[in-house]
Amino acid sequence: MPTVVLHPKKEQRVYSGHPWVFRSDIDRVEGPCQDGDVVRVVSSRGRFLAMAVYNPRSQISLRILSRKEEPIDSAFIHRQVKTAIDYRRTFADLNSCRLLFAESDGLPAVIADKFGDIVVLQVLCLGMEQFKQDIVDALVEEVHPAGIYERNDVPVRELEGLTLQTGLLYGTVPDRVEMVENGVHFWVDVKEGQKTGFFLDQKENRAAIAPFVKGARVLDCFTHTGSFALNAAAGGAARVTAADISAEAIAMAQRNAQRNGLTNMDFLCEDTFELLPRLEKEGHPYDFIILDPPAFTKARRTVENAMRGYKEINYRAMKLLPRGGYLATASCSHFATEELFIKMLRAAAKDAHRQLRQIEVKQQAPDHPILWGVPETNYLKFFLFQVI
């Protein structure tokens, strides 16, 4: 088996528990090796560190699979998948669940979401692409889905030398899949929707708003297919306005409302950055505003601009709310750290002449577990406030 030797003093990332080794940390490769191969990783003095998949095309050239010197084969992959799913069996509804969360489950760059009886799979690095069929076989064995569909249309695959592709991997998969979350029915577009079709990481946070929406007038910005909005409408809100810039997302949100028989909803296809100032100017009354935007930054170099965007929408929401109203606000960008997000919220509240009373601070659902020592797995911030 080929061996990858790290530069002196470049082993600290591995010792700290992080599963990535960058190209610049590698001194040399000993033995014949092809891109995507499983390799042994050793220190500059020859001490064994890990088993990993290797791809020199990627800046993340080594992705660690095991800290033991053991075979990385089909049996290993099956054990990893089984362990991940057994963990979720202890607390989750597997019919609306992230089954595999990449590095947090010891399967780097592998995502698997289950909606009803359908699994959507993403394999985003070359080394794990070699094991894709093993992953599919293990998922079939563990959860017996009706079908598995791959959504490997993520541009990051190109950095690994992989093509972008989608398609059927097992069984049969319809264009739309029905899923139930917190008692609310959702249609999920697994073939064309964003990422895997639905964002499962806010499941518990959507449930957390329930006590505060009863009888309220609710505005859900960046609603996507209506996830927060439908939870609010089903939770007894007097009226819910769901807004998103995507006409396709709004159309799906309307279908979801119809599926649940919810008639206390309105829908707007509009940019939130234009919507909030307009609503404030027109004097629209809302008791509860939800801000769940897509990631405003996916790189450190754009964090400053992203924080300005987060501040603008939070400032506008605070201005729009009456005193005593509620604000749920989130960020799903790893680079917008909790420290930066809190600093932004304080500045927005100061400029809006509002005081925030914190009700809850939450993170991603436990089927997206956070791996200590790997900050990239800790990405979702969710705050629930009363504005006073």
Side-chain angles (χ1 to χ4, degrees), residues 91-98 113-116 176-189 193-244 246 249-269 272 275 286-294 313 317 321 325-332 359-368 380-387:
F91 64 87
D93 173 6
L94 294 189
N95 289 319
S96 59
C97 181
R98 174 151 291 184
D113 287 342
K114 190 165 183 285
F115 309 114
R176 288 190 301 172
V177 176
E178 187 172 5
M179 177 197 72
V180 180
E181 178 197 85
N182 300 331
V184 181
H185 293 255
F186 289 93
W187 289 112
V188 181
D189 184 353
Q194 291 185 37
K195 296 192 175 179
T196 62
F198 191 88
F199 300 102
L200 293 163
D201 51 4
Q202 293 268 33
K203 179 177 183 177
E204 296 194 351
N205 303 337
R206 289 189 277 265
I209 69 172
F212 307 97
V213 299
K214 291 180 174 63
R217 297 159 298 183
V218 178
L219 173 64
D220 179 22
C221 301
F222 309 97
T223 194
H224 189 227
T225 58
S227 53
F228 269 102
L230 269 77
N231 272 267
R239 198 76 194 170
V240 178
T241 300
D244 200 280
S246 166
I250 286 293
M252 182 66 86
Q254 290 174 312
R255 286 193 288 270
N256 285 333
Q258 292 166 2
R259 171 64 185 84
N260 289 276
L262 296 170
T263 58
N264 56 338
M265 298 187 70
D266 301 305
F267 300 88
L268 292 174
C269 185
T272 295
L275 172 65
Y286 290 102
D287 307 302
F288 197 132
I289 296 178
I290 301 158
L291 299 174
D292 181 27
I313 60 173
L321 283 166
Y326 294 93
L327 173 66
T329 183
S331 167
C332 61
I359 299 169
E360 280 201 80
V361 178
K362 297 174 74 65
Q363 296 174 304
Q364 63 244 39
D367 56 352
H368 297 61
L380 183 63
K381 284 77 59 181
F382 177 86
F383 289 79
L384 180 58
F385 296 111
Q386 187 176 38
V387 178

Checklist outcome for this item: All heavy atoms of Ser246 vs all of Cys269, minimum pair found to be C-SG, 4.0 Å
Checklist entry - Is there a side-chain contact between Phe115 and Thr196 (heavy atoms, below 4.5 Å)? => result yes
Next on the checklist: Quick check for you: to the nearest 0.5 Å, what is the distance between Gln258 atom CD and Arg255 atom CZ?
Outcome noted: 8.5 Å
Checklist entry - Counting heavy atoms not belonging to Lys214, are there more than 12 under 6.0 Å from its NZ? => result yes
Next on the checklist: Given 3.5 Å as the limit, does a donor-acceptor pair link the side chain of Glu360 with the main chain of Leu384, or not?
Outcome noted: no
Checklist entry - Taking only residues two or more places apart in sequence, or in another chain, which ones meet Asn260 in a side-chain hydrogen bond (donor to acceptor under 3.5 Å, both in side chains)? => result none
Next on the checklist: My understanding is that only residues two or more places apart in sequence, or in another chain, count here; which of them pass side chain to side chain contact (heavy atoms under 4.5 Å, CB included) with Thr223?
Outcome noted: Asp220, Ala229, Ala242, Asp244, Ile250
Checklist entry - With sequence neighbours left out, what residues match Asp292 under side chain to side chain contact (heavy atoms under 4.5 Å, CB included)? => result Gln202, Phe228, Ala330
Next on the checklist: Counting C-beta onward and ignoring hydrogens, is there a side-chain heavy-atom pair between Gln194 and Thr225 closer than 4.5 Å?
Outcome noted: no
Checklist entry - Should Asn95 and Met179 be marked as a side chain to side chain contact (heavy atoms under 4.5 Å, CB included) after you check the CA-CA gap, both sets of side-chain angles, and the distance that decides it? => result CA-CA 7 Å; Asn95 289 319; Met179 177 197 72; 5.9 Å; no
Next on the checklist: Restricting to non-hydrogen atoms, name the atom on Ile209 and the atom on Ala232 that form the minimum distance, rounded to 0.1 Å.
Outcome noted: CD1-CB, 4.1 Å
Checklist entry - Between Asp189 (side chain) and Gly197 (backbone), is there a donor-acceptor pair under 3.5 Å? => result no
Item to check | Carboxylate-amine/guanidinium proximity below 4.0 Å for Asp113 and Arg98 | outcome: yes
Checklist entry - Is the closest side-chain heavy-atom distance between Leu200 and Ser96 below 4.5 Å? => result yes
Checklist entry - Going from CD on Gln364 to SG on Cys332, what distance comes out if it is rounded to the nearest 0.5 angstrom? => result 10.5 Å
Checklist outcome for this item: In this structure, OG1 of Thr241 is separated from CG of Leu219 (nearest 0.5 Å) by 6.0 Å
Checklist entry - Is Asn205 reaching over with its side chain to a backbone N or O of Gln363, donor-acceptor style, under 3.5 angstrom? => result yes
Item to check | Non-neighbouring partners of Ala233 that pass side chain to side chain contact (heavy atoms under 4.5 Å, CB included), sequence neighbours left out | outcome: Val240, Leu262, Asn264, Met265
Next on the checklist: To the closest 0.5 Å, what do you measure between CZ (Arg217) and CD1 (Ile289)?
Outcome noted: 11.0 Å
Next on the checklist: Are the side chains of Leu327 and Phe383 in contact, using a 4.5 Å heavy-atom criterion?
Outcome noted: no
Item to check | From Leu230 atom CG to Asn256 atom CG, the distance as rounded to the nearest 0.5 Å | outcome: 5.5 Å
Item to check | Partners meeting side-chain hydrogen bond (donor to acceptor under 3.5 Å, both in side chains) with Glu178 (sequence neighbours left out) | outcome: His185, Arg259
Next on the checklist: Can you list everything that forms a side chain to side chain contact (heavy atoms under 4.5 Å, CB included) with Ser227? Sequence neighbours excluded, please.
Outcome noted: Phe186, Phe198, Arg206
Next on the checklist: Looking at every heavy atom in both Ala238 and Gly215, which two are closest together, and how far apart are they?
Outcome noted: CB-O, 3.5 Å
Checklist entry - What's the shortest heavy-atom distance between Pro293 and Phe222, and which atoms? => result CA-CG, 3.5 Å
Checklist entry - What's the spacing between Asn231 CG and Glu181 CD if we round to 0.5 Å? => result 5.5 Å
